[in-house]
**Student:** 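Below is the structure I would like to discuss, written out as structure tokens.
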There are 4 protein chains.
Amino acid sequence: MSPRSKEQFEEIREASQRKIFDASLELFGTKGYEATSIALIAKKAGISKGLIYNYFDSKEALLQAMVDDLVSVGDDMIEKIWSDDPAKTLENLIQSIFEWFRQNENLNRLLIGLSTQVGKFQFVHDMAKGKMDGYLIMLEGLLQEIGFEDYQTEARILGTLFDGIALHHMLMKEDYPLDEVERMLIKKYCMKP
Amino acid sequence: MSPRSKEQFEEIREASQRKIFDASLELFGTKGYEATSIALIAKKAGISKGLIYNYFDSKEALLQAMVDDLVSVGDDMIEKIWSDDPAKTLENLIQSIFEWFRQNENLNRLLIGLSTQVGKFQFVHDMAKGKMDGYLIMLEGLLQEIGFEDYQTEARILGTLFDGIALHHMLMKEDYPLDEVERMLIKKYCMKP
Amino acid sequence: MSPRSKEQFEEIREASQRKIFDASLELFGTKGYEATSIALIAKKAGISKGLIYNYFDSKEALLQAMVDDLVSVGDDMIEKIWSDDPAKTLENLIQSIFEWFRQNENLNRLLIGLSTQVGKFQFVHDMAKGKMDGYLIMLEGLLQEIGFEDYQTEARILGTLFDGIALHHMLMKEDYPLDEVERMLIKKYCMKP
Amino acid sequence: MSPRSKEQFEEIREASQRKIFDASLELFGTKGYEATSIALIAKKAGISKGLIYNYFDSKEALLQAMVDDLVSVGDDMIEKIWSDDPAKTLENLIQSIFEWFRQNENLNRLLIGLSTQVGKFQFVHDMAKGKMDGYLIMLEGLLQEIGFEDYQTEARILGTLFDGIALHHMLMKEDYPLDEVERMLIKKYCMKP
DNA sequence: TATGAATGAGTTTTCATTCAT
DNA sequence: AATGAATGAAAACTCATTCAT
């Protein structure tokens with residue numbers, strides 16, 4: 001009733017939502033969206049099934065909210081890559097992307113899985129398409145500045161490579177030489193004299 | 001005594017199985033495995049639910065049989081790429097792979113979706129891992145023969161690119177410049193003097 | 001077309017029916033009627049599902065035909081027990097019944113299982129009731145002739161014992177001392193001086 | 001925070017489970033386990049199919065839980081038979097068993113039906129075997145104390161009789177003279193001077 | 001007579017969602 | 001805000017029976 005309890009409510013809401021997001025991410029990301037039941041999410045989050053419906057209208061709304069939340073975190077990473085030296089900026093970009101791969105295995109797996117279903121989860125397709133286009137333009141600019149002749153082709157190759165790496169890493173997990181491939185790309189694309 | 005000959009029965013079985021495979025591929029490949037019901041497959045195939053269980057013990061057994069069947073078709077494509085000139089062989093390989101991408105969109109989408117589930121569908125992971133290793137070795141050999149200095153790195157890049165292309169093509173469908181990328185790769189990797 | 005082939009047909013029919021009866025008895029008698037599928041019977045009998053429907057209108061009709069057939073065989077056993085000495089006749093009767101228990105485990109198990117379902121399989125109830133009444137009267141007569149004072153009570157006890165033995169034997173199979181119990185009963189009821 | 005107390009939830013669960021047990025016992029016990037569908041149980045219990053699976057993992061788990069629950073009730077009956085006079089104890093035992101027959105027709109019918117299936121429902125066989133052995137030992141002790149010479153043989157006869165009575169009662173229902181047979185047994189076995 | 005592919009109604013089971021408290 | 005009992009629609013799967021050959 002006092003203004004104080006309103007803040008407390010807010011905190012409680014925040015905490016519960018976080019618990020739900022964490023559990024959802026882990027389960028959606030490993031078992032897949034369809035194969036994950038609300039009951040299981042509730043159990044993993046340590047709350048009741050009913051509570052999930054206090055925060056989200058449906059299973060699909062929960063998915064969308066969770067993805068939106070996490071992807072926005074990813075966007076922040078890109079902010080910090082800019083440097084005066086385009087080669088350095090590209091290096092930062094590559095490092096950021098590999099860092100993302102390392103830290104967001106479950107989300108990546110989930111997004112790839114979702115984009116597999118045509119017609120459903122349009123927001124995932126739209127988001128992915130948007131990001132890709134953005135990266136492509138960014139890469140073209142950087143490679144041109146660095147001095148690549150066929151910078152358009154190379155930009156497409158590099159962009160495609162990123163997703164190929166995501167896929168390979170998803171398939172092979174710890175067997176995939178993420179660090180080595182990162183070094184290789186930096187050497188190949190950021191060392192142009 | 002037997003009213004239909006063994007061969008007639010065999011033909012009938014073959015035809016029904018094909019109908020089931022076709023419907024399964026289309027539905028699994030667009031909606032995903034979990035989101036596709038046996039009832040829907042039956043409807044699309046123009047048969048009864050029960051008949052599917054005359055041919056396959058379970059939904060998962062159907063999936064596996066269908067994947068095995070189609071992947072074996074893919075293996076046959078590789079047989080025909082060999083030439084005396086390694087550059088020509090690589091060109092054939094690239095063309096075969098792009099042809100595969102063009103003709104097997106649904107299967108690719110399905111396999112990617114399946115490999116998203118960790119722990120389940122182990123046969124998909126095993127198969128994918130096996131193919132990847134095979135391609136990597138093949139690519140290394142060809143690139144070395146063609147005369148690439150850092151042929152190991154380049155082989156890994158090329159192998160990764162293939163899967164990145166599959167992913168991009170899956171996401172963008174007709175928006176993805178498959179033909180252009182194919183030409184680009186052939187130019188970049190098969191024209192080494 | 002010739003009269004000869006008619007006989008042959010008859011032989012074939014006989015043989016097929018026997019195969020079906022044998023398979024049905026074994027399966028119904030071990031797994032139970034409901035848990036046994038027509039497909040399994042056909043497989044065990046080495047014939048096709050369809051053929052069963054050439055001989056019997058339905059699964060239940062097959063059951064009834066099979067039971068009727070086997071029970072009539074049992075009736076024949078009783079014919080041969082009669083002797084001038086009532087004690088000897090009773091001994092023969094007991095031996096016949098124990099012989100029946102030994103040779104018709106599956107049928108006994110089936111009949112007991114069927115009589116478990118109230119309302120269904122009325123013919124089993126009727127048959128069982130009829131046999132029981134018949135045995136009771138027979139036992140009363142024999143025990144009276146042998147010289148038992150309370151022959152009515154003893155007849156009921158003996159009749160009940162037979163079915164208790166059937167049940168115990170069914171539950172314990174080879175662990176049940178059928179031979180010993182047989183000797184015991186003969187000693188107790190057929191040795192009245 | 002919790003809207004209903006733990007106790008309230010417990011009560012609700014108890015009540016629902018009881019409804020399910022009651023419906024199951026009646027249906028399993030009259031139609032048999034296999035011939036009774038979950039849908040029918042739900043209908044008879046006045047609840048939804050789904051709710052049954054909130055309480056039991058499977059149809060078979062429901063069966064086992066129900067049997068365990070009821071058999072434990074039966075065990076309590078035996079506790080109260082003991083007296084200083086072995087003849088009186090035996091009389092109490094006989095009365096308890098007949099009381100059990102009168103009150104648990106459906107359960108008896110169910111158990112007999114289940115033990116008919118070889119290989120399945122092992123827990124029923126184990127339970128039945130255990131009870132039988134226990135009764136046999138108890139009967140031997142009592143008959144010896146009462147002064148029967150051939151107490152081992154008589155114990156086996158009496159034990160077998162009990163199950164024969166169960167079977168006859170099951171078959172003939174109200175036509176079976178349960179009261180008369182009870183008096184007869186008490187007279188025969190508990191009046192030894 | 002004999003086959004087995006095909007059906008469809010019915011079975012067990014799952015699960016997102018609702019709701020009284 | 002939080003619980004978990006309850007629902008009902010839909011899922012996977014089974015099986016007696018039919019039928020063209």
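Treat the numbers as computed from the prediction; the structure is a model and nothing was measured.
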**Student:** 5'-most contact on DNA chain E: Ile47(C) or Lys59(D), nearest heavy atom basis?
**Tutor:**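 Looking at DNA chain E, the more 5' nearest nucleotide goes with Ile47(C).
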
**Student:** Considering just the side-chain nitrogens and oxygens of Ser16(C), establish if one lies under 4.0 Å of OP1 or OP2 belonging to dA2(E).
**Tutor:**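 Yes.
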
**Student:** How many angstroms lie between atom OG1 of Thr36(D) and atom CG of Leu63(D), to the nearest 0.5 angstrom?
**Tutor:**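 So the OG1 of Thr36(D) and the CG of Leu63(D) are separated by 10.0 Å.
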
**Student:** Under 4.0 Å between a side-chain N/O of Arg13(D) and OP1 or OP2 of dG4(F), yes or no?
**Tutor:**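 For dG4(F), OP1/OP2 do not have a side-chain N/O of Arg13(D) under 4.0 Å.
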
**Student:** Does a side-chain N or O of Tyr53(B) approach OP1 or OP2 of dT14(F) to a distance below 4.0 Å, or not?
**Tutor:**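 Looking at the OP1 and OP2 atoms of dT14(F), neither is under 4.0 Å from any side-chain N or O of Tyr53(B).
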
**Student:** Relative to the 5' end of DNA chain F, which residue comes earlier, Glu34(C) or Gly46(D), by the nucleotide with the nearest heavy atom?
**Tutor:**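 By nearest-heavy-atom nucleotide position, the 5'-most residue is Gly46(D).
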
**Student:** Between Lys19(B) and Leu51(D), just flag the one whose closest nucleotide in DNA chain E comes earlier from the 5' side.
**Tutor:**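 Taking each residue's closest nucleotide, the earlier one in sequence belongs to Lys19(B).
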
**Student:** Let's test your reading of the model: under 3.5 Å, does the base of dA2(E) pair with the side chain of Asn54(C) as donor and acceptor?
**Tutor:**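 Yes, a donor-acceptor pair under 3.5 Å.
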
**Student:** Is it the case that Lys59(C) places NZ or CZ above or below the six-membered ring of Tyr33(C), under 6.0 angstrom from the centre and within 45 degrees of the axis?
**Tutor:**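 Verdict for Tyr33(C): a cation-pi partner in Lys59(C).
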
**Student:** Please determine whether any donor N or O and acceptor N or O are separated by less than 3.5 Å between the side chain of Arg4(D) and the base of dA20(E).
**Tutor:**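 Indeed, a donor on one side and an acceptor on the other fall under 3.5 Å apart.
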
**Student:** Let me confirm one number: the CD-CZ distance from Gln8(B) to Arg13(B), rounded to the nearest 0.5 Å.
**Tutor:**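 The distance works out to 14.5 Å.
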
**Student:** So what does Ile38(B) touch, heavy atoms closer than 4.0 Å: a base, only the sugar-phosphate, or nothing?
**Tutor:**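 Ile38(B): backbone/sugar contact only, no base atoms under 4.0 Å.
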
**Student:** What nucleic acid atoms does Ser37(A) come within less than 4.0 Å of, heavy atoms only: base, sugar-phosphate, or nothing?
**Tutor:**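 Ser37(A): backbone/sugar contact only, no base atoms under 4.0 Å.
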
**Student:** At under 4.0 Å, does any side-chain N or O of Lys49(A) touch on OP1 or OP2 of dG4(F)?
**Tutor:**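 No, because none of the side-chain N or O atoms of Lys49(A) sits under 4.0 Å from OP1 or OP2 of dG4(F).
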
**Student:** For DNA chain F, which ranges pair as stems of 3 or more consecutive Watson-Crick or G-U pairs, with both donor-acceptor distances under 3.5 Å?
**Tutor:**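 Stems for DNA chain F, defined as runs of 3 or more consecutive pairs: E:2-21 with F:2-21.
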
**Student:** Which is more 5' along DNA chain F, the nucleotide nearest Asp57(C) or the one nearest Ile52(A)? Just name the residue.
**Tutor:**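 Its nucleotide being nearer the 5' end, the pick is Ile52(A).
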
**Student:** What is the nucleic acid contact for Tyr55(C), judged by heavy atoms within less than 4.0 Å: base, sugar-phosphate only, or nothing?
**Tutor:**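 If one applies the 4.0 Å heavy-atom cut-off, Tyr55(C) turns out to touch the sugar-phosphate alone, with no base involved.
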
**Student:** Using 30° and 60° as the class limits, which term best fits the ring planes of Phe56(C) and Phe21(C): parallel, tilted or perpendicular?
**Tutor:**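 Judged by the thresholds at 30° and 60°, the geometry between Phe56(C) and Phe21(C) is tilted.
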
**Student:** Please classify the nucleic acid contact of Ile12(B) as base, sugar-phosphate, or nothing, using heavy-atom distances under 4.0 Å.
**Tutor:**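 Contact class for Ile12(B): sugar-phosphate only.
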
